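First up is the structure itself, then whatever we jot down about it.
Residues: numbered from 1 along the sequence shown. Just so we're clear, the structure is a prediction, and the values are computed from it rather than from any experiment. Each ligand, and each atom within it, is numbered from 1 in the order the structure gives.
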Amino acid sequence: MNRLARALSTPEEQRPAHQKHPLARMLLIGLAASVIGVLICLQIDWFPTQGSTQADQIDTLYDVLLIVSVPIFVLVMTVAIYCVIAFRAKPGERGDGAHIHGNTKLEVIWVTIPFIIVTALAIYGWIVLDDIEAKQEQELVVNVTGEQFTWTFDYPGEKVKSNELVLPVDRPVHFKIHAKDVLHSFWVPVFRMKQDAVPGIETNTRVTPNELGSFPLVCAELCGIGHATMRQEVRVVPEDEWEAWVAERREGGAAPEEGEDPIAAGRQIFTSTGCNACHTLDDADATSAVGPDLNQLAAVAEDRAPRANAEEYVRESIVDPPAFVVDGYSGDTMPGNYGDQLTPEEIDTLVEYLLGLSQTGKGE
Ligand code: CUA
């Protein structure tokens with residue numbers, strides 16, 4: 001017979017001091033530890049600043065989940081640790097423990113209580129989500145597209161496409177989210193809202209930014225070798241600044257203008273198209289190693305592509321990545337749609353930029 005069973009079957013007054021009311025003692029220690037655990041958890045600053053009107057309710061929801069789950073964790077651990085210590089076998093004790101088979105009352109309790117807790121939390125979460133994702137008036141619609149390994153944004157009402165997410169402050173935004181290749185997840189931590197980007201369907205989320213500034217926008221779904229580099233920024237600006245940005249994008253876009261410095265124009269395309277998410281290029285402050293290093297590209301281009309000249313090699317590598325594959329890299333990591341995304345002029349500018357840098361030594 002094990003020690004717990006023996007302790008419980010021995011009359012109260014005959015038990016040693018530490019075995020008196022073992023259940024009450026465990027619960028009391030568990031209760032004290034739960035209170036301490038909850039207090040510690042509520043002291044921790046779990047989140048970045050609140051950047052949307054949705055953030056406050058999400059943070060409250062999280063605190064409620066903490067308050068409910070910490071005591072359960074602490075209680076379970078306390079009972080387990082208490083039993084290990086109080087009822088451990090004495091030296092020389094070799095017998096089996098008592099064979100206990102089923103306890104209907106206990107089983108009904110430990111199924112019913114968790115069922116009530118989980119159901120109540122699910123209803124609470126549903127009510128919060130339903131409230132903060134409700135359709136609003138004057139919504140700004142933004143189509144978000146995720147692909148390996150960059151985000152692009154399309155403002156259909158404004159007829160503007162951009163590789164940068166710029167939002168007016170205090171205006172509700174309805175994000176319609178798409179994916180070109182694999183699963184991604186659109187997440188701006190300061191907004192608190194996160195939504196999967198799924199190929200073939202449109203997912204939605206709504207946010208009203210209420211804090212000016214630049215905040216990280218990250219991909220929160222493991223989507224391939226460049227997942228960790230799939231980070232951009234969202235800029236929340238005053239309404240008039242946003243309108244000026246829209247007007248500027250509508251006229252100029254990412255295409256280089258007459259008389260513009262070709263290096264600056266090339267760098268702009270390189271960065272706004274997301275090349276910097278995967279390649280290293282000193283001139284553009286790009287340091288990722290998902291794809292080949294592009295410093296000194298002109299010098300190695302000839303060797304890498306014996307059947308093409310340097311310019312053909314670079315152009316081909318942009319529009320049809322599997323055409324030439326550098327040793328140690330895969331031909332299907334890079335998206336194959338840059339030929340559609342970029343205008344012929346933009347591709348010219350990009351090719352000139354990549355080759356020009358290394359020929360003039362500016363890429364060193
Ligand atoms: Cu896209 Cu991770």
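The number of protein N, O or S atoms lying under 2.8 Å from atom 1 (Cu) of ligand 1 is 4.
Residue pairs meeting the ring-ring contact (aromatic ring centres under 6.0 Å, His included) criterion with at least one partner in residues 106-143, sequence neighbours excluded, are absent.
Between the side chains of Asp181 and His184, at least one donor N or O sits under 3.5 Å from an acceptor N or O. For the residue pair His174/Asn204, the side-chain donor-acceptor check at 3.5 Å is satisfied. Side-chain contact check for Thr205 and Glu133: at least one donor-acceptor pair (N or O, by modelled atom type) lies under 3.5 Å.
Checked for salt-bridge contact, Arg315 and Asp348 meet the test: a charged N lies under 4.0 Å from a carboxylate O.
Between His279 and Phe270, the ring-plane angle classifies as tilted under the 30° and 60° cut-offs.
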